[in-house]
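Below is one structure, written out as structure tokens; the observations come after it.
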Amino acid sequence: MNKTKIILDTDPGNDDLLAIIMALKSELLDLRGLTIVGGNASIEHTTGNALSLLTYMDRIEVPVYVGDASALNEASTSPEEFEEFKSHRIEIHGETGLHVSLPNPSIGPRNIHAVEFIIEEAERHKGELILVPVGPLTNIALALKKQPRLVDWVKSINLMGGAVNVPGNVTKYAEFNIYCDPEAANAVLSSGIDIKMCGLDITRVTSVKKEETDWLAGNSAGEKIIRRLLNTVFETTGRNSFSLHDPITVLSVLYPELIDWKEYDVSVICEGSQFGKTVGTLNPNGCVSVGIGIDQVLAKAKIAEILSE
Ligand code: RIB
Ligand code: CA
């Protein structure tokens, strides 16, 4: 079977954990590696979380490449605003970026930078590689800047980020991944590469509810750790639902037909009160396919099916 080659660029991150397990388990995907970015936690924590998860899943053959800390828009906001941002992400993802404990990693990251790996893999597999960023777009933008020929080499980018026709989740304008590095997001969204944008328009509404305790019923290692994570989130954060932001982005590679796409031109506001807002202009020839609707029931069932493989 001809598997789809992907690189998952991730800031694990609770929902990133589910997306990584999907990518590890799916028979249809050839996960070339994980590239790590800061975002839900510091780059040190997100890297450690990825390595610990691979150790737990007994998949230490999957290479991990450390990338950039992401701007975390530290340069663009006041110290007070940045402290508020940090407390927002700690509230959502916990101090270390995960609401579940994992074993200490038995492996380390590879010794080349994530940006180098992205460029090398795209050149090695011209026209075949799909980039799946589910955190701030810093690594992807840096790779594009370093090697503009990625526009020809990369098959497509399926990204989690943005909010075109719905409010943001960090501010009323900005979604988290874009908010962390709007300049990077602008560079990626205007690159001309075929992009599928899985924004809050489809990811916020597709969530696991506290009472859906049977969503994942199996006893695989992946299902057990996810149930532990969901229980902790519901019991300790007061939240009654867990949005499947990053899992939906991996699903968009495998089953794009579960999502209604509309072509847009998308730009990002990088200053002022609407900092981090993704502005979409309908354009049938636009390079960005924005997910504007989703079959939530089928998408959740499919994600559970992949996680139980
Ligand atoms: O806004 C949701 C996104 O921000 C997800 O990727 C989540 O992991 C956080 O990074
Ligand atoms: Ca993420």
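Only heavy atoms go into these numbers, but all of them, side chains included; no hydrogens, no water, no symmetry mates. A quick note: this is a predicted structure, and the numbers were derived from the prediction, not measured. Start at 1 and go down the list; that is how both ligands and their atoms are numbered.
Proximity of a side-chain donor or acceptor of Asp11 to a complementary backbone N or O of Ala41 within less than 3.5 Å is not detected. Counting only distance, with no hydrogens or angles, the side chain of Arg204 and the backbone of Ser243 share no donor-acceptor pair below 3.5 Å.
Each ring pair (Phe, Tyr, Trp, His ring centres under 6.0 Å) pair with one or both residues in residues 96-123, not counting sequence neighbours, appears once here: Tyr65-Phe117.
Counting only protein atoms, the N, O or S atoms lying less than 3.0 Å from the Ca ion (ligand 2) are Asp11 OD1, Asp16 OD1, Asp16 OD2, Val134 O, Asp246 OD2, ordered by chain and residue number.
Hydrophobic side-chain contacts under 4.5 Å tie Val279 into a cluster, directly or through other members, with Ile269.
Summarising the geometry, atom CG belonging to Asn14 is positioned 4.5 Å from atom CG belonging to Leu229; distances are rounded to the nearest 0.5 Å.
Taking the side chain as every heavy atom from C-beta outward, Asn49 and Leu53 never approach each other to under 4.5 Å.
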message: Determine whether Thr4 and Leu28 satisfy the following criterion, side-chain contact (heavy atoms from CB on, under 4.5 Å), listing intermediate values before the conclusion.
response: CA-CA 6 Å; Thr4 300; Leu28 303 176; 5.7 Å; no

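Between Asp30 and Arg32 there is a salt bridge, since a side-chain N of the basic residue sits under 4.0 Å from a carboxylate O of the acidic one. With respect to Lys126 and Glu128, no salt bridge is recorded, no charged nitrogen being found less than 4.0 Å from a carboxylate O.
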Within the protein, flag every N or O under 3.5 Å from an N or O of ligand 1, and note the pair and distance.
from, atom 1, to, atom 2, distance (Å)
ligand 1, 1 (O), Asn169, ND2, 2.9
ligand 1, 1 (O), Glu175, OE2, 2.5
ligand 1, 4 (O), Asn177, OD1, 3.3
ligand 1, 6 (O), Val134, O, 2.9
ligand 1, 6 (O), Asn177, ND2, 3.1
ligand 1, 6 (O), Asp246, OD1, 2.6
ligand 1, 6 (O), Asp246, OD2, 3.2
ligand 1, 8 (O), Asp15, OD1, 2.6
ligand 1, 8 (O), Asp15, OD2, 3.3
ligand 1, 8 (O), Asp16, OD1, 2.8
ligand 1, 8 (O), Asn40, ND2, 3.0
ligand 1, 8 (O), Asp246, OD2, 3.2
ligand 1, 10 (O), Asp11, OD2, 3.2
ligand 1, 10 (O), Asn40, OD1, 3.1
ligand 1, 10 (O), Asn40, ND2, 3.2
ligand 1, 10 (O), Asn177, OD1, 2.9

